[in-house]
Amino acid sequence: EHEGFAPFDPRSPLATLLRRSMLLPSLLRRAHLPRPCHPPRCHLSRLLDRYGFVPPASLTPTAKEISHGTGAGADQKRRTKKPPYRPPSSLDRGDRPASHSDLPFDFRFSYTESSPDAKPIGLREPKYSPFGPGRLDRPWTGLCAPAVDTTLRSVDAEDPAPAAEKDLEEARRRERERVLGEPLTPAERSFLVDKCQKNRTKRQINLGRDGLTHNMLNDIHNHWKHGEGVRVKCLGVPTVDMQNVCRELEDKTGGLIIHRHGGLLILYRGRHYHPKKRPVIPLMLWKPAEPIYPRLIKTTIEGLTVQETKEMRKKGLHAPVLTKLAKNGYYANLVPMVRDGFLADELVRIDCKGLPKSDYRKIGVKLRDLVPCILVSFDKEQIIVWRGKDHDESIQDNLHNAFPSFLQLESAAVKNENVEQEEASSESVAGKNEHGEKEETSSDCSSDEWSEISSSDDVPDDK
């Protein structure tokens, strides 16, 4: 830019020489430095060859480490994986042995809705025990877990099952009598009934469409830990045969029904019941699949032709309705109603609209066995039954006498209690006359108790 000098051209050879002379020290410095030894790996980048970056020694594995495979990558490969989390399962018993129960009856899912006499024609699933694998020392036959091993050891030997079952029945009877002890007095009975009412306690066992299930036995014993009696409320299909419900409750639990009002039962545990000596009741983990039974509705009714069967089914759909069943209702009066209906007509129709299909089919089976009658159809949510060709009114009268209605049973129970109260009151009056004033106070107390008993007879239903 000074006067007398030419302007500088960056593209001139002089400019090029100057630039190269300025880069010469860095080139010489790189020539004297040792080149880094990189591991022969194909996945490494080639940027290190183009730039003068030298990694630290900690990041550059030596040739010895590469040959023996003791680098950080090898440690990660050799490290074992942590096993995934496995939540605890009730099926995994570890080394614990199978539980043993001394209850002298076969374990079934439902004791009121299944009959040992009804033989199925097949099973819907393999014989998986609902108690879980290895949790019970009884085999599962697909229907029950029998208390007696029914396997024949020899073809020539006699079947030991009937004798063993008789021994179990006798042992069960003796144990039940021992636990129950002396019968309750009327005052004790009325006290327990009043104590188990809905306004006094909320403890209750609900017995529904499945009937008395196996796990329900454990619930009853749990309630007996806190009180001498437990309230059982029965609704739905099992109430068609309340006698069977009461019988199975007393038989399987070992208790005693001291009060019954409609579907409401009070189950007493016994005088000598000890909660710590209760029987071992293994629990079912799931509901087993129901077996396959023969068809309820045949193509032709026995004794009729195909055409007569079709006409009877059409006639049954147009027959007057005997009653309409409510869902989860109380059906104890259904059997006497059907018997009375057969006195007026050979076909009886029961309206079951709104009920599940399985419910009214089970009700039909109970009517077939209890009335007895012949099932005609379940079409259009209706139960149609026929009294049969060999119907005899005298047989129906005998059945009425053999199986009285619920109202007759209740009135008979009230009469028995009134007779006991009169006898006890007369005895107390006689004792008062003999022993003077000291016995007078006791007789007054007893008369108060009898008044409480008479007032507790009319216990309102907790519907």
Side-chain angles (χ1 to χ4, degrees), residues 100-108 110-112 115-116 138 144-148 160-196 203 205 207 211-232 234 238 241-261 264-282 402 409-410 412-417 419-421 423-424 427 453:
H100 174 73
S101 178
D102 294 329
L103 290 173
F105 53 84
D106 300 347
F107 292 162
R108 295 176 175 270
S110 177
Y111 296 105
T112 58
S115 175
R138 298 187 185 185
C144 64
V148 179
E165 289 177 356
K166 289 182 179 179
D167 295 341
L168 289 177
E169 290 288 339
E170 185 65 21
R172 189 194 318 183
R173 185 186 61 80
R174 289 197 303 267
E175 179 65 18
R176 184 169 181 268
E177 291 178 354
R178 184 193 67 81
V179 173
L180 288 178
E182 299 178 358
L184 293 173
T185 63
E188 293 173 336
R189 184 188 296 261
S190 65
F191 174 77
L192 287 176
V193 170
D194 184 60
K195 191 177 179 180
C196 294
R203 297 186 178 276
I205 298 291
L207 193 145
L212 178 63
T213 60
H214 179 77
N215 290 357
M216 202 176 291
L217 303 180
N218 186 65
D219 298 337
I220 292 174
H221 283 278
N222 289 338
H223 281 288
W224 277 348
K225 289 193 299 184
H226 306 284
E228 295 181 279
V230 59
R231 185 172 69 246
V232 182
C234 308
D241 190 4
M242 281 299 297
Q243 294 183 9
N244 180 43
V245 173
C246 297
R247 182 173 59 252
E248 292 295 336
L249 271 172
E250 292 183 345
D251 182 49
K252 298 302 185 289
T253 61
L256 178 67
I257 295 177
I258 60 175
H259 177 76
R260 173 181 166 188
H261 188 84
L264 186 67
L265 309 175
I266 305 297
L267 190 61
Y268 173 59
R269 70 183 186 182
R271 291 186 183 272
H272 306 295
Y273 178 85
H274 199 288
K276 293 186 179 180
K277 295 181 181 179
R278 55 179 286 185
V280 178
I281 304 177
L409 291 173
E410 285 294 317
V414 171
K415 289 180 181 179
N416 293 334
E417 289 186 0
V419 170
E420 292 177 358
Q421 294 168 14
E423 293 178 355
E427 290 176 0
I453 294 169

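Quick caveat: nothing in here was measured; it's all calculated off a predicted structure. FYI, side chains are in, hydrogens and waters are out, and symmetry mates aren't considered; it's all heavy atoms of this structure.
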Nearest-0.5 Å distance that lies between atom [atom1] in [X] and atom [atom2] in [Y]:
X      : Y      : atom1 : atom2 : result
Cys196 : Ile258 : SG    : CD1   : 6.5 Å
Arg269 : His223 : CZ    : NE2   : 13.5 Å
Ser110 : Asn215 : OG    : CG    : 11.5 Å
Glu250 : Ile257 : CD    : CD1   : 4.5 Å
Ile266 : Leu256 : CD1   : CG    : 12.0 Å
Ile220 : Leu267 : CD1   : CG    : 6.0 Å

- Thinking salt bridges, do Glu170 and Lys166 make one under a 4.0 Å N-O criterion? no

- Item | Pairing of Arg178 and Glu175 as salt bridge, 4.0 angstrom limit |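 Here Arg178 pairs with Glu175 in a salt bridge, since their nearest N and O are under 4.0 Å apart.
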
How close do [X] and [Y] get, counting heavy atoms only, and between which atoms?
X      : Y      : result
Leu103 : Pro279 : CD2-CB, 3.6 Å
Gly254 : Leu180 : O-CD2, 3.9 Å
Ala187 : Ser190 : O-OG, 2.9 Å
Asp106 : Ala147 : OD1-N, 2.9 Å
Arg271 : Glu182 : NE-O, 2.8 Å
Leu265 : Arg260 : CD2-CG, 3.5 Å

- Message: Students often mix this up, so state it plainly: with edges at 30° and 60°, are the rings of His221 and Trp224 parallel, tilted or perpendicular?
- Response: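 If you compare the ring of His221 with that of Trp224, the planes turn out perpendicular.
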
- Item | Mutual orientation of the aromatic rings belonging to Phe107 and His214 [parallel < 30°, tilted 30-60°, perpendicular > 60°] |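 Phe107 and His214: tilted rings.
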
Taking the side chain as C-beta and beyond, is there a heavy-atom pair between [X] and [Y] under 4.5 Å?
X      : Y      : value
Val230 : Arg203 : no
Leu212 : Val245 : no
Asp102 : Val280 : no
Tyr111 : Asp251 : no

- Query: Around Tyr273, counting heavy atoms of other residues, nucleotides and ligands shown, do more than 12 lie under 6.0 Å from its OH?
  - Reply: yes

- Message: Show every salt bridge (Lys or Arg N to Asp or Glu O under 4.0 Å) that has at least one partner inside residues 215-230, sequence neighbours left out.
- Response: none

- Are side-chain N/O atoms of Asn222 and Arg278 paired as donor and acceptor at under 3.5 Å?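 Checked: Asn222/Arg278 side chains pair up, N/O donor to acceptor below 3.5 Å.
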
- Could you pull out all residues at least two apart from Glu169 that satisfy salt bridge (Lys or Arg N to Asp or Glu O under 4.0 Å)?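 Only Arg172 meet the salt bridge (Lys or Arg N to Asp or Glu O under 4.0 Å) criterion with Glu169.
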
